[in-house]
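The structure appears right after this line, and notes come after that.
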Amino acid sequence: MASVPRSAKPLYRVDLFPPRSLSRRAARNIILIVAAFTTSMGLVFWSVGAWPVIGFLGVDVLLLSLAFHFSFRSARQEERIELRDGNLRVTRISVHGERQEFDFQPYWLRVILERGEDDQCALFLRTHGKSLEIAGFLGADEKADLAQKLETVLRHTRCNPADISVRAP
C-alpha cells in the first residue's frame with residue numbers, strides 16, 4: 001500500500017489505553033497500609049514467640065507489590081487508530097515499547113462487533129478475508145461505542161466525493 005505522508009492531518013484519530021481505576025499513588029498507599037498492618041501483626045506473633053511467622057507476613061506485601069507493578073506495566077500498552085486520506089492505520093504499542101502498524105484501505109474496510117457469552121465481545125476490522133482484532137483491552141460497552149464511531153466515520157469517508165479519487169463512468 002502506498003505510504004501516506006505523516007504531515008497530513010488525520011480526519012479521525014482515537015488513542016486507546018487499558019482502563020485503570022487506581023493511580024500509582026493510591027497503589028503505593030495501599031501497599032504501605034498493608035505493610036503497616038502486617039508489621040503490627042508480626043510484632044504480635046514475635047511477642048508470643050512465633051517469630052518465624054514474620055517472614056511469611058512479608059511475602060504478602062511483596063506479592064501485592066509485584067501485582068501492582070505488573071498491572072501498571074500492562075497499562076503502558078496503547079492502540080492508535082488514525083484515518084487519513086485513503087488510509088486507516090492501526091498502530092499498536094506493546095508494554096515493551098514495540099510498535100506494529102497495520103494499514104487498511106477504508107473503502108473496503110468493515111467494522112465487525114462479535115458478541116459472545118456473558119456480555120463479552122470482540123471488535124474486528126475486516127477486509128478482503130483478513131481481520132484484525134482491535135481494542136482487546138476495552139469493555140463491551142466501550143467496544144460498541146468505538147465500533148459505532150468507526151462505522152460512522154468510514155461511512156462518511158466512503159460517501160464523501162472529495163475522498164474518491166477515481167469515479168466509475
Side-chain angles (χ1 to χ4, degrees), residues 4 6 10 12-84 87-104 106 109-127 129-154:
V4 176
R6 282 290 204 195
Y12 176 77
R13 177 180 170 158
V14 62
D15 295 328
L16 305 172
F17 301 95
R20 291 289 176 247
S21 59
L22 190 67
S23 68
R24 287 188 182 273
R25 183 177 184 177
R28 185 188 70 226
N29 290 341
I30 289 172
I31 291 170
L32 289 175
I33 290 169
V34 170
F37 179 73
T38 57
T39 300
S40 63
M41 287 194 49
L43 291 174
V44 169
F45 280 109
W46 183 56
S47 68
V48 295
W51 58 267
V53 174
I54 295 172
F56 292 105
L57 290 175
V59 171
D60 62 349
V61 176
L62 177 67
L63 291 176
L64 182 63
S65 299
L66 283 173
F68 280 134
H69 169 74
F70 288 121
S71 174
F72 284 111
R73 189 178 80 167
S74 72
R76 291 188 304 212
Q77 67 183 335
E78 173 185 355
E79 281 187 11
R80 182 177 305 136
I81 302 171
E82 291 181 326
L83 177 64
R84 297 177 189 266
N87 186 46
L88 183 123
R89 175 171 285 166
V90 177
T91 304
R92 285 189 179 157
I93 302 171
S94 73
V95 296
H96 304 293
E98 298 165 351
R99 182 183 205 99
Q100 291 180 307
E101 292 183 343
F102 305 92
D103 290 328
F104 299 96
L109 192 60
R110 300 293 176 247
V111 179
I112 308 293
L113 183 66
E114 292 182 353
R115 296 198 181 269
E117 298 176 7
D118 299 331
D119 199 34
Q120 297 294 319
C121 65
L123 182 58
F124 293 95
L125 296 177
R126 288 201 178 136
T127 183
K130 296 180 182 176
S131 66
L132 175 69
E133 183 175 4
I134 60 171
F137 45 76
L138 295 181
D141 293 337
E142 295 166 320
K143 286 180 188 178
D145 290 342
L146 178 62
Q148 181 182 13
K149 288 176 186 174
L150 282 174
E151 191 61 47
T152 302
V153 168
L154 289 171

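As the structure is a computational prediction, the values presented were derived from the model and not from experiment. Reckoned from all heavy atoms, side chains included, excluding hydrogens, waters and symmetry mates.
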**Prompt:** Just wondering, do Pro106 and Leu83 contact through their side chains at under 4.5 Å, heavy atoms?
**Reply:** yes

**Message:** Run the side chain to side chain donor-acceptor pair (under 3.5 Å) test against Gln77 and tell me which residues pass, sequence neighbours left out.
**Reply:** none

**Item:** Val53: side chain to side chain contact (heavy atoms under 4.5 Å, CB included) partners, not counting sequence neighbours
**Value:** Phe45, Ala50, Leu57

**Asked** Looking at CG of Leu123 and CG of Asp145, how far apart are the two atoms once the value is rounded to the nearest 0.5 Å?
**Response** 11.0 Å

**Request:** Report the C-alpha distance between Leu113 and Phe124 in whole Å, list the side-chain angles of each, state the deciding distance to 0.1 Å, and finish with yes or no for side-chain contact (heavy atoms from CB on, under 4.5 Å).
**Result:** CA-CA 6 Å; Leu113 183 66; Phe124 293 95; over 6 Å; no

**Fill in**
Residues at least two apart in sequence or cross-chain that pass side chain to side chain contact (heavy atoms under 4.5 Å, CB included) with Ala36, listed by chain then number, are none

**Request:** State, to 0.1 Å, how close Val44 and Ser47 come at their nearest heavy-atom pair, and which atoms those are.
**Result:** O-OG, 2.7 Å

**Item:** Contacts of Ala35 that satisfy side chain to side chain contact (heavy atoms under 4.5 Å, CB included) - sequence neighbours left out
**Value:** Val61

**Request:** Only counting residues at least two apart or in another chain, list the ones meeting side chain to side chain donor-acceptor pair (under 3.5 Å) with Glu78.
**Result:** Arg80

**Request:** Using the side-chain hydrogen bond (donor to acceptor under 3.5 Å, both in side chains) rule, collect all pairs that involve residues 48-73, keeping only residues at least two apart or in two chains.
**Result:** none

**Request:** Using the test salt bridge (Lys or Arg N to Asp or Glu O under 4.0 Å), find all partners of Arg126 that sit at least two apart in sequence or belong to another chain.
**Result:** Glu114

**Message:** Quick check: do Phe104 and Arg89 have side-chain heavy atoms less than 4.5 Å from each other?
**Reply:** no

**Prompt:** Roughly how far apart are Ile134 CD1 and Leu16 CG, rounded to 0.5 Å?
**Reply:** 7.0 Å

**Message:** For Phe102, is the CZ atom crowded, meaning more than 12 foreign heavy atoms sit under 6.0 Å from it?
**Reply:** yes

**Prompt:** Does Phe17 CZ have over 12 foreign heavy atoms under 6.0 Å away?
**Reply:** yes

**Item:** Rounded distance (nearest 0.5 Å) linking atom OG1 of Thr127 with atom CG of Asp103
**Value:** 12.0 Å

**Complete:** Output for pair (Gln120 CD, Arg115 CZ), nearest 0.5 Å, gives 11.0 Å

**Request:** Considering only NZ, NE, NH1 and NH2 on the basic side and carboxylate oxygens on the acidic side, decide whether Glu82 and Arg13 come within less than 4.0 Å.
**Result:** yes

**Asked** Would you call Lys143 and Asp141 a salt bridge, using N to O less than 4.0 angstrom?
**Response** no

**Message:** Could you check whether any side-chain heavy atom of Leu88 comes within less than 4.5 Å of a side-chain heavy atom of Leu125, counting everything from C-beta outward?
**Reply:** yes

**Prompt:** Roughly how far, to the nearest 0.5 Å, is CH2 of Trp46 from CD1 of Ile54?
**Reply:** 7.5 Å

**Prompt:** Looking only at heavy atoms, which two atoms of Ala75 and Pro18 are closest? And how far apart?
**Reply:** O-CD, 3.9 Å

**Fill in**
For residues 16-34, the side-chain hydrogen bond (donor to acceptor under 3.5 Å, both in side chains) pairs (sequence neighbours left out) are Arg20-Ser74

**Request:** For Gln100, check side chain to side chain donor-acceptor pair (under 3.5 Å) against everything at least two apart and list the hits.
**Result:** none

**Request:** For Asp119, check salt bridge (Lys or Arg N to Asp or Glu O under 4.0 Å) against everything at least two apart and list the hits.
**Result:** none

**Fill in**
Smallest heavy-atom separation, Leu146 atom then Ala135 atom, equals CD2-CB, 3.9 Å

**Complete:** For Glu151, the salt bridge (Lys or Arg N to Asp or Glu O under 4.0 Å) test, sequence neighbours excluded, returns Arg158

**Request:** Please round to the nearest 0.5 Å and tell me the distance separating atom CZ of Phe68 and atom CD1 of Ile31.
**Result:** 5.5 Å

